[in-house]
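Below: the structure, in structure tokens.
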Amino acid sequence: MIKAIKGTNDILPEEIVEWNYLINVVQKKMQLFNYKEIRTPIFEHTALFSRGIGESTDIVSKEMYSFTDRSENNVTLKPEMTASVVRAFIEHSLGKQSGLNKLFYISPMFRQERPQAGRLRQFHQFGIEAIGSHNPMLDAEVIQVAFEILRNVGLEDLTVTINSLGIPEERAKFSAALKNFIEDRKSKLSEDSQRRLDTNVLRILDSKDRNDQNLLKEAPSILDFLGNESLEHFENVKALLKSAEIPFTVEPKLVRGLDYYTHTTFEITSTKVGSQSALCGGGRYNLLVEQLEGPSTPAVGFAAGIERILLACKSEQAFTPAKEEIDIYLIRLDNQLEKKTFEMASLFRGNNLKVELDYSTRSVKAQMREANKYNARFVVFIGGEEFGNGQIQIKNMQTGDQTLLSIKDLEKILQIVK
RNA sequence: GUGAGCGUAGCUCAGUUGGUUAGAGCAUCUGGUUGUGGCCCAGAAGGCCGUGGGUUCAAAUCCCAUCGCUCACCCCA
């Protein structure tokens, strides 16, 4: 038997209900905040991601689904959306048409990692890329959109953490200081963190190792290395979040793994989804557009994991989808009447009624059971003596009341059923 | 890439000092008198006990291998 590829999931009809609910909330919120949807191809030239995300990041160095196509192009299934959106922004000169582009997306992403709870090889994200403004209002707005979406789908166990990484010069100074601090304690660190000393010093900060965290208690804080402008930007963002009544905590150790972040970074986590607790992550990336050979343009955005959010919803029992029902189930008392049943179905469906019928030849009892299973509001009996007289029985499944009506009196039938 | 756990019916799971024909609940299907649901009752169908090898008179059960799944680490949504 051929099975789905490891780390990929079928989304069955039962689950689609939850997906649609979430996506609906996302679309409504995006509309309210005036974000425009953008869709980009599912794959891109590999160079876009290696240049955009950062050669040394884990995503690029070991998680990408890359291959060469028949024309010997190096292509990659997109592991995240920011690089693609920025590419489209540059390619279509969106910055020239409008000073500020507020974009959102909903799309599958691909990363070849070992799957676990809340981590898949094909997963789905929605997110925002707001390109074209330095204003801290936009940082705050982006966080607000993410937070409100999560709140609106019914999640309560949410933690918003924010931090600022400043500008590259400030980050470099901090990196050096941190490296210094750590070199002295190198031997006491976990193996993983010792390795990170060479690859990415900043990431030692969010090591999960308890001992590491203890050692890091007295480590320098990025916030002490920020210049006045960076500090002011950060203070502004915090003030705006407060005014929007979004609860947050400042976490100087929140560095995030992608190279392109500057200034604000943030994360929204839940304790309800297992080890992969980040439902949403994002921040400002003022240098990426330029780095991808576009005009120097500031930007800020986030990405949120749909599967993780749904996991959180499930464990918080955040929403209970409404029971599906159908308007009419057609029951034929006589199997000779298939054509007539089909015509009746067309007639009702033509009047915007949700109709179901039996496609096998089954007893009336079996058909009734099916009608019940489908949550039919009404059942129409076709056949028998009354049918010879041009009449049908309509049964209200809730009350059990049954009415005999003439087939030709469509007005009356619709009146009862509507 | 590293580590741990688990594979028995469509689903959730019972089933070892190795011993008849492998079970339950839910779901499915059919009945419970002429043409009527839910609840209830009766019955049916559904399994190479993940796969391959080994030990044994005898393996779902013990051993080895292999595949698959899950969770965790790394890292990220």
Side-chain angles (χ1 to χ4, degrees), chain A residues 1-7 9 12 14 53-54 56-64 78-82 106-127 146 150 190-193 195-196 199-200 203-204 206-209 255-258 266-270 273-282 301-312 329 331-335 337 360 362-387 392-402:
Chain A
M1 184 177 59
I2 297 173
K3 296 203 283 189
I5 288 171
K6 186 204 282 287
N9 267 162
L12 301 174
E14 215 176 298
I53 302 171
S56 68
T57 60
D58 279 44
I59 291 182
V60 171
S61 63
K62 57 181 200 192
E63 293 168 6
M64 292 206 297
K78 60 187 173 191
E80 60 115 49
M81 196 64 173
T82 303
I106 303 173
S107 171
M109 307 291 166
F110 306 84
R111 293 180 201 173
Q112 188 163 4
E113 304 176 81
R114 197 65 83 75
Q116 74 187 69
R119 169 187 287 153
L120 294 162
R121 290 186 170 184
Q122 175 176 346
F123 60 104
H124 299 76
Q125 293 183 330
F126 65 84
L150 297 177
S190 67
E191 256 180 65
D192 278 328
S193 288
R195 186 174 41 76
R196 278 182 282 227
T199 55
N200 196 335
R203 228 169 301 159
I204 297 177
D206 53 20
S207 169
K208 281 184 188 169
D209 190 287
V255 291
R256 307 199 49 74
L258 309 180
F266 78 100
E267 210 170 72
I268 303 179
T269 56
S270 162
V273 292
S275 172
Q276 305 306 319
S277 58
L279 302 183
C280 170
F302 75 78
I306 292 182
E307 283 87 350
R308 284 187 190 175
I309 292 169
L310 292 177
L311 271 183
Y329 189 92
I331 288 181
R332 40 181 199 287
L333 305 171
D334 178 351
N335 279 313
L337 295 171
S360 49
R362 303 207 282 180
S363 67
V364 174
K365 186 196 202 73
Q367 292 183 71
M368 280 300 286
R369 278 184 173 156
E370 182 135 290
N372 194 62
K373 200 179 75 188
Y374 281 132
N375 248 325
R377 293 168 52 236
F378 291 88
V379 150
V380 169
F381 294 95
I382 301 168
E385 210 173 305
E386 71 268 27
F387 192 73
I392 49 174
Q393 292 271 10
I394 297 182
K395 176 171 186 162
N396 181 320
M397 291 292 275
Q398 199 130 49
T399 63
D401 295 343
Q402 218 158 294

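Here is how names work: the chains are called A, B, and so on, in the same order as the sequence lines, proteins then strands, and each is numbered from 1.
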From [atom1] of [X] over to [atom2] of [N], roughly how many Å is that when rounded to an integer?
X: A/M1; N: B/C67; atom1: CE; atom2: P; answer: 17 Å
X: A/Q367; N: B/U30; atom1: CD; atom2: C1'; answer: 14 Å
X: A/K78; N: B/A77; atom1: NZ; atom2: C1'; answer: 14 Å
X: A/E63; N: B/A77; atom1: CD; atom2: P; answer: 10 Å

Closest listed nucleotide, where the reference is the side chain of [X] and the choices are [options]:
X: A/R256; options: B/C75, B/A77, B/A72; answer: B/A77
X: A/E113; options: B/A77, B/G35, B/C71; answer: B/A77
X: A/R203; options: B/C73, B/C75, B/G68; answer: B/C75
X: A/Q402; options: B/U30, B/G1, B/U36; answer: B/U36
X: A/M368; options: B/U36, B/G35, B/G1; answer: B/U36
X: A/R369; options: B/C40, B/A72, B/C74; answer: B/C40

Counting just side-chain N and O atoms, does [X] come under 4.0 Å of either OP1 or OP2 of [N]?
X: A/K365; N: B/G31; value: no
X: A/R362; N: B/C29; value: yes
X: A/Q398; N: B/G37; value: no

Do side-chain atoms of [X] reach the backbone of [Y] as a donor and acceptor pair under 3.5 angstrom?
X: A/Q367; Y: A/R362; result: yes
X: A/S207; Y: A/I204; result: no
X: A/E80; Y: A/M109; result: no
X: A/R308; Y: A/A278; result: yes

Any heavy-atom pair between the side chains of A/V380 and A/Y329 that's under 4.5 Å? no

Minimum side-chain heavy-atom gap A/C280-A/E267 below 4.5 Å: no

Can you tell me how far P in B/G10 sits from the matching atom in B/G37, rounded to whole Å? 30 Å

Can you check the distance between B/U33 and B/U51, where both ends of the measurement are the P atom (answer in whole Å)? 44 Å

Is the base of B/C75 touched by the side chain of A/R119 through a donor-acceptor pair closer than 3.5 angstrom? yes

Taking atom types as they are modelled, would you say the side chain of A/K395 forms a donor-acceptor pair with the base of B/U36 within the 3.5 Å cutoff? yes

Stem list, RNA chain B (Watson-Crick or G-U pairing under 3.5 Å, at least 3 consecutive pairs): B:1-7 with B:67-73, B:10-13 with B:23-26, B:28-32 with B:40-44, B:50-54 with B:62-66

So, do A/F381 and B/G35 meet the stacking rule of ring centres under 5.5 Å and planes under 30°? no

Salt bridge A/D192-A/R203, side-chain N to carboxylate O under 4.0 Å: no

